[in-house]
Amino acid sequence: MPELPEVETIRRSLEEKVKGKTFTGVEIFLDKMLKGLEPGDLDEKFKGKKITGIDRRGKYLLINLTGGVVMVIHLRMTGQLLYCAPDQEKAKHTHLVFHLNDMYQLRFIDQRQFGKVHIVSLKELGSISGLKNLGVEPLSDIFTREHFKKGLRNRRIKIKPLLLDQTFIAGIGNIYADEALFRARVNPEQVAANINAREAVRLYTAIREVLLEGVENRGTSIKDYVDGDGTRGSNQNYLRVYGREGEPCLKCKTAIQRKVISGRSAHFCPKCQKL
DNA sequence: CGTCGCTCCTGGATGC
DNA sequence: TGCATCCAGGAGCGAC
């Protein structure tokens, strides 16, 4: 579910609520969702730690605590992280409840149970392989046209699965990949190395645009996604290809196609995005 | 190393 | 209505 714009929206909405607050305890309803916190290190690693800020890397949320402790959270497909009043009814699939000293709670909810919360010391951060191997942040200054063009060189993989590869670029998921490819008029099955300079620049620009607009619209809420306050985003109203199979292309009226590429559904206009 | 297919789950939509 | 099947926004893992 949540891709870069959604995770960034959650980060912003949560940070203003919990920054400066202190954790007082945790309730664990499903063991496997929480990693790195044994009953023995509850006090040392968690209780009494104050939240100093929240960062984002790719689709990971990093909640920084005093004492060099970090909560690393990945929401995968259906995860939610909600700041809740204590009397708010517990939603189905609430697996972890973190208690704060303002009596409010940070709740981790995840229908499909693919998400994960790690509580680690700074020196253990490197043991989270997905985080360690993340690629460039697409909205940062070091992600340049040249950086992107270079990354395509010699890659025999199709461009769509490459965009989804988090070690290539961090934070793009299925929705924004399809939207970026449509705007750049690049076919999702195009082999990365065969993308020419002009197309590469278009795709580079499109990636930044769709992600930035996604953040401005506070994320894409198709099914489960809400921010830290439980508020839905509005970017689903502006999607041009994702979820529009059979509907007319907004540019040429050709029916949008859906095709499984590398195990993921890709949505594209067969006329505007010729191979 | 690069690429691909399978897998972890629940539940909503669809088909018979 | 009941039941089976397919599908979903992600990514780690083993196989080749």
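Quick note on labels: first sequence line is chain A, next is B, and so on, each numbered from 1. This is a predicted model, so every value here is computed, not measured.
- Across C:dG10, C:dA8, B:dG12, the shortest atom-to-atom separation from the side chain of A:K223 is found for B:dG12.
- A straight line from CD1 of A:I73 to C1' of C:dG10 spans 16 Å, rounded to a whole angstrom.
- Counting only residues at least two apart or in different chains, salt bridge (charged side-chain N to carboxylate O under 4.0 Å, His left out) contacts with residues 226-248 of chain A comprise A:K17-A:D229, A:R218-A:D227, A:R244-A:E247, A:E245-A:R258.
- Connectivity analysis of hydrophobic side chains (ILVMFWY, heavy atoms under 4.5 Å, direct or indirect) links A:F268 to nothing; its cluster partners are none.
- Rounded to an integer number of Å, the gap from CG of A:L211 to P of C:dG9 is 17 Å.
- The side chain to side chain contact (heavy atoms under 4.5 Å, CB included) check on A:L212 picks up A:L139, with sequence neighbours excluded.
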Protein-nucleic acid N or O pairs under 3.5 Å, nucleotides 2-5 of chain B:
residue: B:dT3; atom: OP1; partner: A:R156; partner atom: N; Å: 2.9
residue: B:dT3; atom: OP1; partner: A:I157; partner atom: N; Å: 3.0
residue: B:dT3; atom: OP2; partner: A:R155; partner atom: NE; Å: 3.0
residue: B:dT3; atom: OP2; partner: A:R155; partner atom: NH2; Å: 2.8

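- Taking the side chain to side chain contact (heavy atoms under 4.5 Å, CB included) definition, one finds that A:K19 meets it with A:E15, sequence neighbours left out.
- Here the separation of C:dC7 from B:dG5, taken at their P atoms, is 15 Å to the nearest Å.
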(request) Could you please spell out the steps behind the ring pair (Phe, Tyr, Trp, His ring centres under 6.0 Å) verdict for A:Y176 and A:Y242? (result) CA-CA 8 Å; A:Y176 294 96; A:Y242 185 84; 9.2 Å; no
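- For residues 107-127 of chain A, proximity to DNA chain C is found at A:R112, A:F114, defined as any non-hydrogen atom under 4.0 angstrom from a strand atom.
- Here C:dG9 presents its P atom at 13 Å from CG of A:L239, a figure rounded to the nearest Å.
- For A:K90, the side chain to side chain contact (heavy atoms under 4.5 Å, CB included) test picks out A:F29, A:T94, A:R107, with sequence neighbours left out.
- Grouped by direct or indirect side-chain proximity (heavy atoms under 4.5 Å, Ile/Leu/Val/Met/Phe/Trp/Tyr only), A:F182 sits with A:V241, A:I256.
- Distance alone, capped at 3.5 Å, is enough to place a donor-acceptor pair between the A:K45 side chain and the A:I119 backbone.
- The nearest whole Å value for the distance from the CG atom in A:L164 to the P atom in C:dG9 is 9 Å.
- Not counting sequence neighbours, the partners of A:K271 by the side chain to side chain contact (heavy atoms under 4.5 Å, CB included) test are A:C252, A:T254, A:C269, A:K274.
- Each of A:I169 and A:I261 belongs to its own hydrophobic cluster when Ile, Leu, Val, Met, Phe, Trp and Tyr are linked at side-chain heavy-atom distances under 4.5 angstrom.
- Under a 4.5 Å side-chain heavy-atom cut-off, the cluster of Ile, Leu, Val, Met, Phe, Trp and Tyr residues that includes A:V72 is completed by A:Y60, A:L62, A:V70, A:V120, A:L122, A:L125, A:I128, A:L131, A:L134.
- Comparing C:dC6 with B:dC6, their P atoms sit 14 Å apart, to the nearest whole Å.
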Give the table of side-chain donor-acceptor pairs shorter than 3.5 Å for residues 192-201 of chain A, with sequence neighbours excluded, one pair per line with atom names and distance.
residue: A:N196; atom: OD1; partner: A:R198; partner atom: N; Å: 3.1
residue: A:N196; atom: OD1; partner: A:E199; partner atom: N; Å: 2.7
residue: A:E199; atom: OE1; partner: A:N196; partner atom: N; Å: 3.0

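- In this structure, A:K59 atom NZ and C:dG9 atom P are separated by 10 Å, rounded to whole Å.
- Atom name C1', nucleotides C:dC13 and B:dT10: the rounded distance is 22 Å, in whole Å.
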(message) Dot-bracket, 5' to 3', for DNA chain C please: Watson-Crick or G-U pairs under 3.5 Å, [ ] where pairs cross earlier ones, | where the partner sits on another strand, dots elsewhere.
(response) .|||||||.|||||||
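- Between A:S129 and A:R258, the one whose closest nucleotide on DNA chain C sits nearer the 5' end is A:R258.
- Using a 4.0 Å cut-off, some side-chain N or O of A:S265 falls inside it from OP1 or OP2 of C:dA8.
- Atom CD1 of A:I222 and atom P of C:dC7 are 18 Å apart (whole Å).
- Within 4.0 Å of A:F168, counting heavy atoms only, lies no atom of the nucleic acid at all.
- Among the nucleotides C:dA8, C:dG10, C:dG9, the one closest to any side-chain atom of A:R76 is C:dG10.
- Taking side-chain N and O atoms only, A:Y176 has no distance below 4.0 Å to OP1 or OP2 of C:dG9.
- Residue A:H93 contributes atom NE2, which lies 14 Å from atom P of B:dC9 at whole-angstrom precision.
- At the phosphate of C:dA11, OP1 or OP2 sits under 4.0 Å from a side-chain N or O atom of A:H74.
- Of the candidates C:dG12, B:dC9, C:dG9, the closest approach to any side-chain atom of A:Y60 belongs to C:dG12.
- At a cut-off of 3.5 Å, with distance as the only test, no side-chain donor of A:K50 or A:N101 sits close to an acceptor on the other residue.
- Separating the CE atom of A:M33 from the C1' atom of B:dC9 is a distance of 9 Å, rounded to the nearest angstrom.
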